[in-house]
Each structure stands twice: as C-alpha cells, then as structure tokens.
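Here the structure is laid out as structure tokens; the discussion comes afterwards.
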Amino acid sequence: MLRIEKLYKRYNRKENALDGLDMEVEKGELYGFVGPNGAGKTTTLRIITGLLKPDSGEIWLDGQRTTKDMKLQKSMIGFVPDFFGLYENLTVIEYLEFFAAAYGIYQKAGTVRSYEVLELVNLRGMEEVFVDEMSRGMQQRLCLARALLNQPKLLVLDEPNSGLDPRTRKEFQLLLQQLQKEGYTILISSHILSELSDMCTSIGIINQGKMVLQGKIDHIMLSIDSSNPLRITVLNKIKQAVRLIRANPQVERISVEENKIAAWFSGSREEEARLLRELVDAGILVVAFAREHNSLESLFFHLTGGVREGEEV
C-alpha cells in the first residue's frame with residue numbers, strides 16, 4: 001500500500017532529517033511508527049501526507065508513484081494530526097458535511113457519507129450535538145470520522161491518543177483494530193509503545209533519519225525472545241521433569257530453583273509444544289510453561305541508544 005525508497009530531507013543545510021529512509025506498509029496492516037524526538041518521524045508523516053516535499057526519494061501509494069503528484073497523494077490519504085482543528089460552533093453533522101464538501105462530496109451524497117463515517121466511529125446519535133460539547137475522546141473520534149470521509153487508501157494518525165485517559169485510549173485502540181479488520185490500512189505514530197505492541201500488526205522504528213528495524217511485530221518479538229529461557233513451573237516429580245528437560249537435544253542448559261525450571265531452549269514453537277506434551281504425558285503437573293518475554297520498550301531503547309523510561313518517543 002505504501003512504499004518509500006531512499007527518502008531524504010534536510011533543513012537549513014544542517015544534518016539530514018531523513019537520511020535515505022526506506023519504509024513499506026502492506027495493504028490492510030495496522031502499522032506502528034515510532035522513534036525518539038528528532039528522529040525524523042514527524043517529517044516522514046508530513047511527506048507521506050503531502051504537507052511537505054522531500055529533497056529526493058520515491059513514494060508509492062497503492063501502486064501509484066505519487067512523489068511528483070501531491071494532489072493525487074493527498075486524495076488517497078486520510079490524516080488525523082496530533083493537534084486538530086475543530087469548528088466548535090457547528091454540530092457534528094454540520095462539521096462533517098462541511099468537510100465532505102471540501103472533498104467534493106456535495107449535498108445528499110455528503111450527508112449520506114457523513115452518516116456512514118459516524119457509524120464507523122461509533123458516534124451515531126450525536127449528529128445534532130455541538131462539537132464543543134463533546135468530550136476529548138469523542139472529538140478525537142470525530143476527527144477520525146473526518147479523515148474517513150474520502151474513503152482513503154491509507155489512514156495516517158499522528159499521536160492520536162495524546163491527552164486521552166487510559167479508558168478512552170483503549171476504546172480508540174479497539175476502534176482502530178476494527179477499522180483494520182474492515183480492510184483499512186492504518187499508519188499510526190505513537191510514543192505509547194505498550195499500546196502499539198498490543199494492537200499493531202507491524203512496526204517500524206526510525207532513528208537519526210533511517211529505519212533501523214521494521215517488520216511483522218509477531219516475528220520481531222519472537223526473534224528477540226528466542227534467546228530467552230523457557231520458564232517452567234511444576235507441582236510434582238521435579239527430578240523427573242529436570243531429567244526429561246535436560247535430555248531434550250534443543251536444551252542447552254537449565255537452572256532449577258525449588259519447583260521452577262529455566263531452560264535455555266533453541267527449538268521452534270512446535271518443538272516447545274512437543275516438550276510440554278512430553279512433560280504432561282509423563283504425569284508431571286505443569287502449571288506454567290512460557291518463554292520469557294522482552295518488551296517493545298526494551299527493544300526500542302536498545303536500537304535508539306537508551307531512551308529512559310518515561311520519556312516521549
């Protein structure tokens with residue numbers, strides 16, 4: 001859906017804000033885009049949405065080269081910025097009809113489309129409410145509805161959960177996941193890494209204007225977890241369990257503390273499952289069996305030079 005090759009952007013003859021950035025978002029993905037302050041994340045989003053021209057590089061959207069055609073590029077994107085403008089003296093339906101007209105969707109067609117996007121973002125019944133009477137979370141959903149009016153090929157959100165309470169953030173997360181299931185391709189920038197790891201299908205980490213890691217989030221997390229031990233807890237036959245685990249050819253070493261076993265296991269997920277089956281078939285009561293996990297935060301800190309917990313990324 002989105003492909004970027006060798007994207008460069010420099011401000012005021014200083015260091016490159018983007019230094020040959022490569023990026024790919026497949027159709028139907030919910031792609032998380034993260035990076036420390038000054039990494040080039042905002043510049044990238046502005047270029048993708050047609051708000052800024054790159055110095056060089058290529059952008060393809062839905063198979064079409066849009067680098068030299070910013071009008072085409074903008075027509076294919078729905079954008080929810082971190083700070084969005086709201087016409088507070090308008091009702092919800094007036095607000096959407098206004099922007100529908102800006103997209104060239106006039107009169108009855110604009111009203112019909114406005115009701116459709118309100119349904120998508122769970123705001124039906126709010127049509128006659130004034131925008132300034134809505135909560136921050138509802139206003140955020142309204143801005144998402146606005147971005148959906150032109151049926152975009154790519155939906156881009158820049159820090160959409162900024163300023164929202166945890167419950168509202170979770171509701172917005174579920175809404176984005178539902179849109180992704182309905183076929184929308186979504187690119188979301190956020191500094192709340194735990195939320196991205198929960199909802200995104202793929203992730204891209206940018207640092208100093210370059211993509212340092214991108215790919216399917218399940219594959220990334222599995223690869224960084226593979227060097228961690230299996231943590232196994234049993235309720236009986238501890239000695240037999242230790243012998244059985246130690247005899248497995250995929251086990252490099254183990255440590256034991258009371259009824260808890262740590263096994264450095266180099267096998268696949270399928271081989272993990274077979275080891276668990278062997279323990280159960282031997283009559284061993286296994287109450288915990290899982291690979292020790294790293295977090296997306298720890299991976300981010302490692303790749304970007306050790307940002308401390310609590311800092312925005």
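Under the rule for a ring pair (Phe, Tyr, Trp, His ring centres under 6.0 Å), the partners of Tyr95 that lie at least two apart in sequence or sit in another chain are Phe99. With sequence neighbours excluded, the residues forming a side-chain contact (heavy atoms from CB on, under 4.5 Å) with Glu24 are Arg3, listed by chain and number. Among residues two or more places apart in sequence or in another chain, the side-chain contact (heavy atoms from CB on, under 4.5 Å) test is passed with Arg167 by Asp165, Glu171. Residues meeting the side-chain contact (heavy atoms from CB on, under 4.5 Å) test with Thr42, sequence neighbours left out: Arg46. Here Asp55 pairs with nothing under the side chain to side chain donor-acceptor pair (under 3.5 Å) rule; sequence neighbours left out.
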task = Check the pair Leu144, Leu155 against side chain to side chain contact (heavy atoms under 4.5 Å, CB included), reporting the backbone distance first and the verdict last.
result = CA-CA 9 Å; Leu144 177 59; Leu155 187 60; 3.6 Å; yes

inquiry  = I'd like to know whether Thr201 forms a side chain to side chain contact (heavy atoms under 4.5 Å, CB included) with Ile217, so could you lay out the CA-CA distance, the side-chain angles of the two residues, the decisive distance to 0.1 Å, and finally the verdict.
reply    = CA-CA 6 Å; Thr201 56; Ile217 198 162; 5.7 Å; no

task = Quick one: do Thr43 and Tyr11 satisfy side chain to side chain contact (heavy atoms under 4.5 Å, CB included)? Show the steps, please.
result = CA-CA 10 Å; Thr43 298; Tyr11 296 109; 3.1 Å; yes

query = So Asp62 and Met76, side chain to side chain contact (heavy atoms under 4.5 Å, CB included) or not? Walk me through it.
reply = CA-CA 9 Å; Asp62 198 27; Met76 300 173 71; 3.6 Å; yes

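For the atom pair CG (Leu196) and CZ (Phe33), the distance works out to 11.5 Å, reported to the nearest 0.5 Å. A distance of 9.5 Å separates CE in Met199 from NZ in Lys170, rounded to the nearest 0.5 Å. Here the CZ-CZ distance, from Phe79 to Arg146, works out to 9.5 Å after rounding to the nearest 0.5 Å. The CG atom of Leu149 sits 10.0 Å away from atom CD of Glu97, with the distance rounded to the nearest 0.5 Å. Rounded to the nearest 0.5 Å, atoms CD (Gln151) and NZ (Lys153) are 9.0 Å apart. Separating the CG atom in Leu175 from the CD atom in Gln178 is a distance of 8.0 Å, to the nearest 0.5 Å.
Minimum heavy-atom separation, Gln250 to Glu271: NE2-OE2, 3.5 Å. Annotation for Ser255 and Trp264: closest pair OG-CZ3, 3.9 Å, computed over non-hydrogen atoms. The two residues Gly28 and Gln180 make their nearest non-hydrogen contact at O-NE2, 2.8 Å. The shortest heavy-atom contact between Pro160 and Phe172 is CB-CE2, 3.6 Å. Closest heavy-atom contact between Phe289 and Leu279: CE1-CD1, 4.1 Å. Residue Ala262 comes nearest to Arg231 through the heavy atom pair CB-NH1, 3.3 Å, listed as atom of the first residue, atom of the second, then distance.
In this structure a side-chain-to-backbone donor-acceptor pair under 3.5 Å is present from Asp22 to Lys6. Put simply, the side chain of Arg291 gets close to the backbone of Phe265: a donor and an acceptor are under 3.5 Å apart. A donor-acceptor contact shorter than 3.5 Å links the side chain of Asn150 to the backbone of Ser75. Counting only distance, with no hydrogens or angles, the side chain of Gln73 and the backbone of Ile48 share a donor-acceptor pair below 3.5 Å. For the pair Thr304 (side chain) and Phe300 (backbone), a donor-acceptor distance under 3.5 Å is present. Under the 3.5 Å distance criterion, the side-chain polar atoms of Ser135 are matched with a main-chain donor or acceptor of Met138. For the pair Glu94 (side chain) and Thr91 (backbone), a donor-acceptor distance under 3.5 Å is present.
Leu96 and Leu179 fall within the same hydrophobic cluster, where Ile, Leu, Val, Met, Phe, Trp and Tyr residues are linked whenever their side-chain heavy atoms come under 4.5 Å apart, directly or through other members. Leu45 and Tyr8 fall into different hydrophobic clusters, defined by Ile, Leu, Val, Met, Phe, Trp and Tyr side-chain heavy atoms under 4.5 Å apart, directly or through other members. Under the 4.5 Å side-chain heavy-atom criterion for Ile, Leu, Val, Met, Phe, Trp and Tyr, Val117 and Val129 are members of the same hydrophobic cluster. Taken together through direct or relayed side-chain contacts under 4.5 Å among Ile, Leu, Val, Met, Phe, Trp and Tyr, Leu51 and Leu154 form part of one hydrophobic cluster.
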Run the side-chain donor-acceptor check on residues 232-246: report pairs under 3.5 Å with partners two or more places apart or on a different chain.
unit_1, atom_1, unit_2, atom_2, d
Asn236, OD1, Leu285, N, 2.8
Asn236, ND2, Gly283, O, 3.3
Lys237, NZ, Ala282, O, 3.3

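Residue Gln107 qualifies as open at atom CD: its count of foreign heavy atoms under 6.0 Å is 12 or below. Summarising the local packing, NZ of Lys216 is surrounded by more than 12 heavy atoms from other residues, nucleotides or ligands at distances under 6.0 Å.
Inter-residue side-chain proximity for Lys41 and Glu159 is flagged as met; some heavy-atom pair is nearer than 4.5 Å. Annotation: side chain of Met23 is not in contact with side chain of Leu7 (no heavy-atom distance under 4.5 Å). No side-chain heavy atom of Val92 sits under 4.5 Å from any side-chain heavy atom of Glu128. Taking the side chain as every heavy atom from C-beta outward, Gln177 and Leu30 approach each other to under 4.5 Å. In this structure the side chain of Leu72 never reaches within 4.5 angstrom of the side chain of Leu61, judged on heavy atoms. Taking 4.5 Å as the limit, some side-chain heavy atom of Arg65 sits within range of a side-chain heavy atom of Glu58.
Inspection of the Glu127 and Tyr115 side chains reveals no N or O donor paired with an N or O acceptor under 3.5 Å. With hydrogens and angles left out, the side-chain atoms of Ser268 and Glu270 include a donor and acceptor closer than 3.5 Å. The closest side-chain donor-acceptor pair between Glu29 and Thr185, if any, does not fall under 3.5 angstrom.
Residues Glu257 and Lys260 are not paired through a salt bridge, judged by the lack of any N-O separation under 4.0 Å between the basic side chain and the carboxylate.
Asn16 pairs in a side chain to side chain donor-acceptor pair (under 3.5 Å) with only one of the listed residues (Lys210, Gln208, Arg10), which is Arg10.
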